[in-house]
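Below, chain A is the first sequence line, B the second, and so on; all start at residue 1. These values consider heavy atoms only, across backbone and side chains, with no hydrogens, waters or symmetry-generated copies.
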Amino acid sequence: MENIAQSVVRTRVAPSPTGDPHVGTAYMALFNLVFARKHGGQFILRIEDTDRARSTEGSEKAILDSLGWLDLQWDEGPDVGGDLGPYRQSERLDIYEVHVQKLLENGGAYRCFCSSERLSDLRSEQMARKETPRYDGHCLSLDPEEAEERGSNGTPYVVRLNVPTEGECIFHDELRDEIRIAWSQVDHQVLRKSDGFPTYHLANVVDDHLMNITHVIRGEEWINSGPKHILLYEAFGWEPPKFIHLPLLRNPDKSKLSKRKNPTSIFHYRDAGFLPEAVVNYLGMMAYTLPDQREIFSISDMSETFDHSRISLGGPIFDVSKLKWLNGRYLREQLSANDLLARLGEWKFNDEFLGKILPLALPRLETFSDFSPLASFLFSEKVGIDVDSISGKLEPTDASRLIKIAEWELEKLREWKGEPIGNVFNRIAEIEELKLKQLMPTFFVAITGSSVSLPLFEAMAILGPDLSRTRLRLALEVLSEAGHGLSKKGLKSLEKEYQAKYGNRID
RNA sequence: GUCCCGUUCGUCUAGCCAGGUUAGGACACCGGGUUUUCAUCCCGGCAACAGGGGUUCGAAUCCCCUACGGGACGCCA
C-alpha cells in the first residue's frame, strides 16, 4: 500500500473498437476507475484500434457513448485529450516503429519472413503430433544484417519476440501472488504485423509505459500473456507495472460472457430500460463487496472504500434477475415521480424517439388510442409470443433455421437502418427460394409480438440491433422449448450450409 | 492435447490472509401478513464449505493430491 501512495496511480481501460460496446469493458473500466480514484490517481481511456480490418469509427463512438452513459469518467482519452496522447493507437504508429527498431537492435526481437502457408503447414503438423502449435524459430537463425537487407528490399516480414528457450517467467499478480510460466510455453509472438501495425502485445506495453500506467487491471484471460509483456518490459529496460487480473464475467453456463448466450451490449441495457447507475452498481457487485457489505452503492461510494484485496476470484455469472431487482430499488427508492418523468423522457418518451414512430403509425390510426397498441413493442423488452404465431406460414423447424440465419446475416450489417435490414430479408428469401410473404410473418411476430403492426424493417431500425437480437433469440427459445429447435448437430450442419450459401460469419 | 487460473446455498457473496461462527446477508424460489387487484412493503422457509489425505486439541480457513469448471495457446484484442 505504501508504494502505491508514493507515485501517482494511473490506470487505464483499453478497449478495441470492434463490435458492440461490451458490458465486460464497462466492468473493467469501473474497477480501473475506482482504483485510481481511491488512490487519488488518474484513469485513462485508450482506444486499441490496431486491428485495421475490424476496427470502426462507429464502434469507437459507441464505446465512448456507452461508458459516458454509465458515467465512468476518464481523465484522459481520445475525446478529452491529455498530456501523454494521442490516446488512439492508430495515431501512434511512429512511436511503435521506434520501439520495434530498438528491439531489433538489441536482439529482443527478430524479423521473420515465413509465409502464411509455411506457418499453417507447421501448425497442422504440430497439431497432428498433438503438440501445442507455435512458431519453430525458423527465422531466428537468419543473419540479422541479411534479414535487414531483405526487409528493406521490400520482402514482407513480421517482427517476432525473441523468447528464451529455457527457464521460467515469474511475475506477480496482486491478487494471486506468484505466477510461474515456463518460457517453453511462450510463443514467439508477432509484435509487428506485415502491414506495419503493431499487435496488441507491443502497443499495449509501449503505451502503458509511456502513459505512466502504474497498475494494469485487466481480465484474467491475459494471465497467459503475462510473460510476453514482462519480457518486453525487460527488453526495453523498463519497470513493469503492477498487475491485477480480474475474474471474467460469465454466462449462466459458466463460459466467458458472450453475446451468443446473453445480451452483452451496454446499449441493450439502456434500450431495455435500465438505469445506468443500477447497471454500474450491479457490475460493482460482480466479484466485489464493499467492506460494510452495502448493496446499493454509487461509483463514488465504491471509490472511497475500494480495497482490491476484497476482489473474489471465482468468475461471477452475470444474472439479469438480480440486476432487475437492483434496478427496481433504484427506481423506487431514489426517484420521485417527477424524476421518473424526466428519466422516461431521456429514455424513449421524447420527441426524437416518438418522431421516428409517428410517420409509420399515422396511416394506421383511426383514433389516438390506436397508437399505443401499435407501438408498445418499441417500449418493451420482450413481447408475448407462442409457437403457432411465431411459425407463421413456415414449418416450426424451418422457422428456427431461418431465424438463426437472419441472426447471422443481421450481424454482418454495418448500418442499422431500414433499407439494409430489408435487403437482408430479401436476400434470405431469394437464397431460400421463398416468397417474402412466406418468410416475413415469422419475423413480424418475433419482433413485434403481433401480426398487426408497423412496417417491420423501419420498426427494427427504431428498436435497435440489441433488442431486435434479443427478440429473435427469445423466438428461438420458444420454438426450442416446444421441440422445434435446432439440435447441436442441426446447428452445426446449418452453419456449414450457411457458410456455403451466404459466406463466412463474422464475430 | 499443453500450460495457467479458479472452486462456500440454483445465483451474487460474507467469513479465509491473523484456525474455535447455530457458516451470515442478498437475488431467485416457496409459504404467510398488509394492499379492492397487482406490485411494493413486512414476516417466515428452502438451500452451500467439490472430494480425499495431512498439520492441529480443533480446519470453510493452513499444506498436498484428485475431480470439476474456466481461460490461453492467431500477422484478434
Side-chain angles (χ1 to χ4, degrees), chain A residues 14-19 22 24-25 46-55 89 112 114-116 119-120 123 126-135 156-160 168-169 171 173 175-204 218-228 245-257 282-296 309-326 328-329 331-333 506-507:
Chain A
S16 65
T18 55
H22 201 276
T25 304
R46 184 173 71 224
I47 296 292
E48 308 224 326
D49 55 349
T50 55
D51 182 346
R52 77 192 201 313
R54 293 199 306 149
S55 297
Q89 289 185 329
C112 168
C114 292
S115 64
S116 46
L119 259 22
S120 71
R123 184 165 300 136
Q126 287 168 328
M127 303 258 267
R129 272 181 269 137
K130 299 201 167 175
E131 289 170 12
T132 305
R134 44 197 299 250
Y135 186 62
Y157 66 94
V158 300
V159 175
R160 286 183 184 274
E168 59 182 0
C169 177
F171 65 102
D173 175 275
L175 302 176
R176 286 161 247 258
D177 258 3
E178 211 170 78
I179 293 173
R180 295 160 166 265
I181 295 173
W183 287 119
S184 62
Q185 292 294 323
V186 181
D187 200 4
H188 290 201
Q189 180 66 47
V190 170
L191 299 176
R192 192 185 66 180
K193 311 172 211 177
S194 52
D195 67 2
F197 275 60
T199 57
Y200 167 84
H201 303 277
L202 196 252
N204 189 264
R218 42 137 74 144
E220 203 174 12
E221 55 193 329
W222 295 109
I223 289 181
N224 286 290
S225 312
K228 293 172 186 171
H245 290 96
L246 297 181
L248 262 20
L249 261 22
R250 314 265 194 109
N251 296 311
D253 69 0
K254 296 192 185 245
S255 56
K256 175 167 137 178
L257 190 64
Y282 182 67
L283 254 13
M285 225 164 196
M286 298 279 89
Y288 189 70
T289 44
L290 297 211
D292 63 4
Q293 311 254 349
R294 245 177 300 180
E295 299 203 278
I296 302 281
S309 73
R310 296 186 60 81
I311 294 170
S312 63
L313 298 178
I317 291 169
F318 192 91
D319 172 18
V320 179
S321 74
K322 191 155 184 172
L323 171 58
K324 280 192 178 164
W325 161 78
L326 195 62
R329 284 198 59 179
L331 243 27
R332 283 177 257 117
E333 294 171 16
I506 56 156
D507 264 286

Taking the same atom, P, in B:rA23 and in B:rA28, what whole-Å distance lies between them? 26 Å
Whole-Å C1' distance, B:rA60 and B:rU22: 15 Å
Could you tell me whether A:R52 contacts a base, only the sugar-phosphate backbone, or nothing, with contacts defined as non-hydrogen atoms closer than 4.0 Å? nothing
Would you mind pulling out the nucleotide paired to B:rA39, Watson-Crick or G-U wobble, both distances under 3.5 Å? none
Heavy atoms only, 4.0 Å cut-off, all strands: where does A:Q293 land among base, sugar-phosphate and nothing? base
With side chain to side chain contact (heavy atoms under 4.5 Å, CB included) as the criterion, how do A:L202 and A:R192 come out once you've worked through the C-alpha distance, each side chain's angles and the decisive distance to 0.1 Å? CA-CA 8 Å; A:L202 196 252; A:R192 192 185 66 180; 5.8 Å; no
Distance between C1' atoms of B:rU7 and B:rC29 (Å, rounded): 24 Å
For B:rA23, which nucleotide is its Watson-Crick or G-U wobble mate, given both distances must be under 3.5 Å? none
List the atom of A:W325, the atom of A:E295, and the distance in Å for their closest heavy-atom pair. CH2-OE1, 3.7 Å
Hey, where on RNA chain B does chain A first and last touch, going 5' to 3'? Cut-off is any atom under 4.0 Å from a heavy atom. B:rG1 to B:rA77
Between A:L326 and A:M285, what is the shortest heavy-atom contact and its length? CD2-SD, 4.2 Å
RNA chain B nearest-nucleotide lookup for A:E178 and A:E295: closer to the 5′ end is A:E178
When the C1' atoms of B:rA59 and B:rC17 are considered, how many whole Å apart are they? 15 Å
Mind checking who B:rU34 pairs with, Watson-Crick or G-U wobble, both distances under 3.5 Å? none
Pairwise P distance for B:rC43 and B:rC27, with rounding to whole Å: 11 Å
When both distances are under 3.5 Å in a Watson-Crick or G-U wobble arrangement, the nucleotide paired with B:rC17 is none
For a quick test of reading the model, state the closest non-hydrogen atom pair linking A:F171 to A:I223 and the distance between them. CZ-O, 3.6 Å
Can you check the distance between B:rG70 and B:rA50, where both ends of the measurement are the C1' atom (answer in whole Å)? 15 Å
Parallel, tilted or perpendicular: ring planes of A:Y135 versus A:H188, cut at 30 and 60 degrees: tilted
With both distances under 3.5 Å as the test, what is the Watson-Crick or G-U wobble partner of B:rG69? B:rC5
B:rU21 versus B:rC5 - spacing of their C1' atoms, nearest Å: 30 Å
Quantified in whole Å, what is the P atom distance between nucleotide B:rU61 and nucleotide B:rG51? 10 Å
Partner lookup for B:rG74, please. Criteria are Watson-Crick or G-U wobble with both distances under 3.5 angstrom; report none if nothing qualifies. none
If I compare all heavy atoms of A:K228 with all of A:D187, which pair ends up nearest, and what's the gap? CE-O, 4.1 Å
If you assign each of A:M285 and A:S194 to its closest nucleotide in RNA chain B, which residue comes earlier from the 5' end? A:M285
Measuring only between side-chain heavy atoms, which start at C-beta, is A:P247 closer than 4.5 Å to A:S312? no
Before you tell me yes or no, could you show the steps for A:Y288 and A:L290 under side chain to side chain contact (heavy atoms under 4.5 Å, CB included), namely the whole-Å CA-CA distance, both residues' side-chain angles and the distance that decides it to 0.1 Å? CA-CA 7 Å; A:Y288 189 70; A:L290 297 211; 3.5 Å; yes
